[in-house]
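To start, the structure itself, in structure tokens.
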Number of protein chains: 2
Amino acid sequence: MMFSKACEYGIRAAVYVTLQSLEGRRVSVGEIGEEIDAPVAFTAKILQQLTRNNIIHSVKGLHGGFEIERVDMDNVKLNMIVKAIDGDKIYTGCGLGLKECNAQKPCPLHDKFLDIRTDLRNMLESTSLFELANGLEVGLTYLKR
Amino acid sequence: MMFSKACEYGIRAAVYVTLQSLEGRRVSVGEIGEEIDAPVAFTAKILQQLTRNNIIHSVKGLHGGFEIERVDMDNVKLNMIVKAIDGDKIYTGCGLGLKECNAQKPCPLHDKFLDIRTDLRNMLESTSLFELANGLEVGLTYLKR
DNA sequence: ATAAATTAGGATAAAATTGTCCTTTATTGG
DNA sequence: CCAATAAAGGACAATTTTATCCTAATTTAT
Ligand code: FES
Ligand code: FES
């Protein structure tokens, strides 16, 4: 609705990896797909993007899998994931579909749209994976239903 | 980025029709496509949806075209157009892609997402076509670039 | 009546996104 | 070294969204 499916999966996956890394567990693509209720092979592609962008870390081979370091749980904010997967159209795009958002030659919705986008941006830039994993840990929130 | 392409075209088209109806001019699909820089045949489909939803009015035949009545310029709010074209997933969807947004079993982003969505909703429900056409009329805003 | 203009609507086509499958590469344990 | 395990990556398939084209229906002017 706001993010692509790939991005939604990406965030859910990253949060799940965070949750498990907090317990010291490395997780496989299969487990991730299962636990966030996403197609495994597709999720694998997205995890590749996240590792290439140094958002999570992958280890090949026996006992391998995905993990995230404790510092990164705080340092990685949602906007980094969104940017890695959906690019920055969420920041540069125009709400009414003009080539780019441009205050010099704004679309009729520009001002109102900018307000909301700024809030969205602030939200994404300030929420960390750790924060999101916390609610999960205490059973307040869910990654699938 | 937030609305489908169809919805973006739909809003731009409706605003253009509003602008021209203010001058008493009925406009053709061809002119609309031209003036909002959108594919004509595709725009035609979208205009059909808008007329079926009584958002704008169409007249067939020679000197026909699209128009919108003065009262509707005030009564039609953006949320009606978005709903007609994109449905209500913008209201009911979950930011992280769970089946539906559900406060009983919320995703980790639910609270923060709801704040932003509420603002978006309020914005859409309170801005009318007339308001948007006004900025255009005085040359402050643009429907194409 | 007829011709011209204009929307309505159906059938496709093209492009983008989402999803699957299979092979390769790296790592570990025996 | 060898077998087993797991991510990386390439090729392809399905679905959805976007876009085009053609015909039908409606209205107006002559
Ligand atoms: S120009 Fe359209 S949102 Fe800024
Ligand atoms: S449950 Fe995800 S946004 Fe409400």
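Chain letters run A, B, ... following the sequence lines, proteins first, then strands; residues in each count from 1. The analysis underlying the following values was restricted to heavy atoms, covering all of them including side chains, and did not include hydrogens, waters or symmetry mates.
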Which ILVMFWY residues can you reach from B:L62 by hopping between side chains whose heavy atoms are under 4.5 Å apart?
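Its cluster mates, by chain and number: none.
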
Going by side-chain heavy atoms closer than 4.5 Å, which hydrophobic residues are tied to B:V138, directly or by a chain of links?
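ILVMFWY cluster around B:V138 also holds B:L140.
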
Students often get this wrong, so: under 4.0 angstrom with heavy atoms, is B:G30 touching a base, only sugar-phosphate, or nothing?
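Result for B:G30 = nothing.
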
Distances under 3.5 Å between protein N/O atoms and the N/O atoms of nucleotides 25-27 of chain C, please, pair by pair.
{"unit_1": "C:dA26", "atom_1": "O4'", "unit_2": "A:K60", "atom_2": "NZ", "d": "3.3"}
{"unit_1": "C:dT27", "atom_1": "O2", "unit_2": "A:L62", "atom_2": "N", "d": "3.4"}

What residues form a ring-ring contact (aromatic ring centres under 6.0 Å, His included) with [X], not counting sequence neighbours?
| X | answer |
| --- | --- |
| B:Y16 | none |
| B:F42 | B:Y9 |
| A:F66 | none |

What integer distance in Å separates [X]:[atom1] from [N]:[atom2]?
| X | N | atom1 | atom2 | answer |
| --- | --- | --- | --- | --- |
| B:I68 | C:dT7 | CD1 | P | 16 Å |
| B:K5 | C:dT17 | NZ | P | 11 Å |
| A:E8 | C:dG19 | CD | C1' | 15 Å |

Can a salt bridge be assigned to the pair B:R25 and B:E31 using a cut-off of 4.0 Å between side-chain N and carboxylate O?
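Here B:R25 pairs with B:E31 in a salt bridge, since their nearest N and O are under 4.0 Å apart.
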
Would you mind checking if B:R145 and A:E100 are paired as a salt bridge, meaning a charged N to carboxylate O distance below 4.0 Å?
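So A:E100 pairs with B:R145 through a salt bridge.
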
All side chain to side chain contact (heavy atoms under 4.5 Å, CB included) counterparts of A:V40, not counting sequence neighbours:
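Checked A:V40 against side chain to side chain contact (heavy atoms under 4.5 Å, CB included); matches are A:V29.
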
Can you give me the first and the last nucleotide of DNA chain D (5' to 3') that has an atom within less than 4.0 angstrom of a non-hydrogen atom in chain B?
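The protein-touched segment is D:dT18 to D:dA29.
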
Is A:D72 close to A:I55 at the side-chain level, that is, under 4.5 Å between some pair of heavy atoms?
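They are not in side-chain contact.
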
Close residues, residues 33-52 of chain B, relative to DNA chain C [heavy-atom separation under 4.0 Å]
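B:K45, B:Q48, B:T51, B:R52 - these, ordered by number, are the residues of the stretch whose heavy atoms sit under 4.0 Å from the strand.
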
Which residues, if any, of residues 79-102 of chain A bring a heavy atom under 4.0 Å of DNA chain C?
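Those residues: none at all.
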
State whether B:S58 places a side-chain N or O below 4.0 Å from either non-bridging phosphate oxygen (OP1 or OP2) of C:dT6.
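Checking C:dT6 against B:S58, no side-chain N or O comes under 4.0 Å of OP1 or OP2.
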
OP1 or OP2 of C:dG19 under 4.0 Å from side-chain N/O of A:Y9:
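Yes, within the criterion.
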
Take A:S4 and B:G64, find for each the nucleotide of DNA chain C with the closest heavy atom, and name the residue whose nucleotide sits nearer the 5' end.
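On the 5' side of the pair lies B:G64.
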
Qualifying residues under salt bridge (charged side-chain N to carboxylate O under 4.0 Å, His left out), relative to A:E69, sequence neighbours excluded
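With sequence neighbours excluded, A:E69 shows a salt bridge (charged side-chain N to carboxylate O under 4.0 Å, His left out) to no residue whatsoever.
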
Those residues that, when tested against A:K99, pass salt bridge (charged side-chain N to carboxylate O under 4.0 Å, His left out) (two or more places apart)
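Residues passing salt bridge (charged side-chain N to carboxylate O under 4.0 Å, His left out) with A:K99: B:D37.
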
What do the steps show when you test A:S128 against A:D74 for side chain to side chain donor-acceptor pair (under 3.5 Å), and what is the final call?
CA-CA 5 Å; A:S128 67; A:D74 290 319; 4.6 Å; no

If you draw the axis of the six-membered ring of A:Y91, does the NZ or CZ of A:R121 fall within 45° of it and under 6.0 Å from the ring centre?
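Judged by the rule (NZ or CZ under 6.0 Å from the ring centre, within 45° of its axis), A:R121 counts as positioned above A:Y91.
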
